[in-house]
Asks: 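This is the structure I have questions about; it appears just below.
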Amino acid sequence: NTMWGDQHDERNMTLVFALGPGNIPWPEQISSASNAIEALHAALDKGHRSWKLRRLGRRTRHALERIAGADPGKLGFGDAFDALMLDVVAEHRLPLEIAMELLLELDATVFVRTVKRWKGAANAGPAEEAIAALVATTDAIHDADLALRVGTALAERHLDAASWRKRFNRVKPALEETLKKNGSTLARYLKSLDAKNDAVLASRVEEAAR
């Protein structure tokens, strides 16, 4: 798939060459990813500060980069990964943006399964409207990879408006094409995203409509 541009393709090619025979991750790569996931989950239980969670999040993402495109459930640490993703809607919360950055490194179907689990959560807390937007995204976009890219953009909280719009514009043509095939439009999709109580998400929806 080349719709995400040369930079994404080159990164994936580099990672493929780092894998073992048959593009299967080496045992040490799997172990590193599993250990990083468990460490991040444990840090949430201990109530570590946000800066440390971000640092552990980066460490976990780097570990997942080494097995890019994999499904944790097929590598023996699916339960640990699912538990970490449920931390997004748990008492000791994993920031949704960190979770999305981790999902971005994996098989896109993992994202779709995770969103279904989040959808059933009794209390999504501060991420409630963002998760609802992800649910609407997976419902509207039947291409898991595209849904993941759009969802990751919507969940991003720190880019300025111009930088975020540049990022979104990379996926916008594919999004519009897919929505058209499904009998919908970008305007209709964006209207389905309820962001009245989430100022950041509301600004992203507004930028996407431009």
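Worth saying up front: this structure is predicted, and the values here are computed from it rather than measured.
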Asks: Name all residues meeting the side chain to side chain contact (heavy atoms under 4.5 Å, CB included) criterion together with N182; count only those two or more places apart in sequence or in a different chain, and write none if there are none.
Replies: H142, T178
Asks: Please lay out, stage by stage, how L106 and L148 fare under the test side-chain contact (heavy atoms from CB on, under 4.5 Å).
Replies: CA-CA 10 Å; L106 300 171; L148 171 58; over 6 Å; no
Asks: Run the side-chain hydrogen bond (donor to acceptor under 3.5 Å, both in side chains) test against D194 and tell me which residues pass, sequence neighbours left out.
Replies: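 With sequence neighbours excluded, D194 shows a side-chain hydrogen bond (donor to acceptor under 3.5 Å, both in side chains) to K196, given in chain and number order.
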Asks: Partners of A90 by side chain to side chain contact (heavy atoms under 4.5 Å, CB included), sequence neighbours excluded?
Replies: D87
Asks: Determine whether a donor-acceptor pair (N or O, by modelled atom type, separation under 3.5 Å) exists between the side chain of E129 and the backbone of N197.
Replies: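 Here the side-chain-to-backbone pair exists.
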Asks: Nearest 0.5 angstrom please: L102 CG to F81 CZ, how far?
Replies: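 Reported value, rounded in 0.5 Å steps: 6.0 Å.
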Asks: Rounded to the nearest 0.5 Å, how far does CD1 of I67 lie from CH2 of W26?
Replies: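 With rounding to 0.5 Å, CH2 (W26) is 15.0 Å from CD1 (I67).
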Asks: Just jot down the side-chain hydrogen bond (donor to acceptor under 3.5 Å, both in side chains) partners of R157, sequence neighbours excluded, or say none.
Replies: D198
Asks: Using ring pair (Phe, Tyr, Trp, His ring centres under 6.0 Å) as the criterion, list what pairs up with W164, not counting sequence neighbours.
Replies: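 So W164 forms a ring pair (Phe, Tyr, Trp, His ring centres under 6.0 Å) with F168.
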Asks: Should V200 and V205 be counted in the same cluster of Ile, Leu, Val, Met, Phe, Trp and Tyr side chains packed under 4.5 Å apart?
Replies: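 They do not share one cluster, since no chain of ILVMFWY contacts under 4.5 Å joins V200 to V205.
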Asks: Rounded at 0.5 Å granularity, tell me how far CD in Q29 sits from CD in E65.
Replies: 12.0 Å
Asks: Shortest non-hydrogen contact from P72 to V110?
Replies: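 Shortest heavy-atom contact: CD-CG2, 4.0 Å.
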Asks: Can you list the steps and then say if L84 with L44 is a side-chain contact (heavy atoms from CB on, under 4.5 Å)?
Replies: CA-CA 9 Å; L84 179 63; L44 291 164; 4.1 Å; yes
Asks: Go through L193 and L154 one step at a time and tell me if the side-chain contact (heavy atoms from CB on, under 4.5 Å) criterion holds.
Replies: CA-CA 10 Å; L193 307 181; L154 290 174; 4.0 Å; yes
Asks: If you compare all heavy atoms of L159 against all heavy atoms of R204, which two are closest, and at what distance to 0.1 Å?
Replies: O-NH2, 3.0 Å
Asks: What residues, two or more places apart in sequence or in another chain, satisfy side chain to side chain contact (heavy atoms under 4.5 Å, CB included) together with A132?
Replies: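 Side chain to side chain contact (heavy atoms under 4.5 Å, CB included) list for A132, sorted by chain: empty.
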Asks: Does E177 come within less than 4.0 Å of K181, counting only side-chain N to carboxylate O?
Replies: yes
Asks: Quick one: list whatever passes salt bridge (charged side-chain N to carboxylate O under 4.0 Å, His left out) with E206, sequence neighbours left out.
Replies: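 Per chain and number, E206 pairs via salt bridge (charged side-chain N to carboxylate O under 4.0 Å, His left out) with no residue.
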Asks: What are the two closest heavy atoms between L53 and A43, and how far apart are they?
Replies: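 Residues L53 and A43, closest heavy atoms: CD2-CB, 4.0 Å.
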Asks: Ignoring hydrogens, what is the shortest heavy-atom contact between A36 and A63? Give both atom names and the distance.
Replies: CB-CB, 4.1 Å
Asks: List for me each residue that meets salt bridge (charged side-chain N to carboxylate O under 4.0 Å, His left out) alongside R55, sequence neighbours excluded, and say none if there are none.
Replies: none
Asks: Please round to the nearest 0.5 Å and tell me the distance separating atom OG1 of T114 and atom CE of M100.
Replies: 9.0 Å
Asks: Quick test of your reading: applying side chain to side chain donor-acceptor pair (under 3.5 Å), list the pairs with at least one residue in residues 68-80, sequence neighbours left out, ordered by first then second residue.
Replies: D71-R113
Asks: Can you list everything that forms a side-chain hydrogen bond (donor to acceptor under 3.5 Å, both in side chains) with E128? Sequence neighbours excluded, please.
Replies: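 In terms of side-chain hydrogen bond (donor to acceptor under 3.5 Å, both in side chains), with neighbours along the sequence ignored, E128 is linked to no residue.
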Asks: Please identify each residue that fulfils side chain to side chain contact (heavy atoms under 4.5 Å, CB included) with S31, with sequence neighbours left out.
Replies: N35
Asks: With rounding to the nearest 0.5 angstrom, report the CG to CZ distance, L56 to R61.
Replies: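 So the gap between those two atoms works out to 15.5 Å.
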Asks: Are more than 12 heavy atoms, taken from residues, nucleotides or ligands other than E91, located less than 6.0 Å from that residue's CD atom?
Replies: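 Incorrect, the count does not exceed 12.
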Asks: Answer yes or no: are there more than 12 heavy-atom neighbours, outside K172 itself, under 6.0 Å from its atom NZ?
Replies: yes
Asks: Taking side-chain hydrogen bond (donor to acceptor under 3.5 Å, both in side chains) as the test, write out the residues that go with R165, two or more places apart.
Replies: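 Listed in chain order: E207.
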Asks: At their closest point, which heavy atom of L104 faces which heavy atom of T152, and how far apart are they?
Replies: CD1-OG1, 3.8 Å
Asks: Could you measure the distance from the CG atom of L40 to the CG atom of D45? Nearest 0.5 Å is fine.
Replies: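 If I round to the nearest 0.5 Å, the distance is 10.5 Å.
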Asks: Between H62 and R58, is there a donor-acceptor pair closer than 3.5 Å when you use the side chain of the first and the backbone of the second?
Replies: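 The answer is yes, because a donor-acceptor pair under 3.5 Å joins these two groups.
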Asks: Side chain of R188, backbone of L179: donor and acceptor closer than 3.5 Å?
Replies: no
Asks: Where is the tightest heavy-atom contact between T137 and G151, given as atom of each residue plus distance?
Replies: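 Nearest pair, atom of T137 first, then G151: CG2-N, 4.4 Å.
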Asks: Would you check, one step at a time, whether the test side-chain contact (heavy atoms from CB on, under 4.5 Å) holds for M85 with L103?
Replies: CA-CA 9 Å; M85 291 297 100; L103 288 164; 3.9 Å; yes
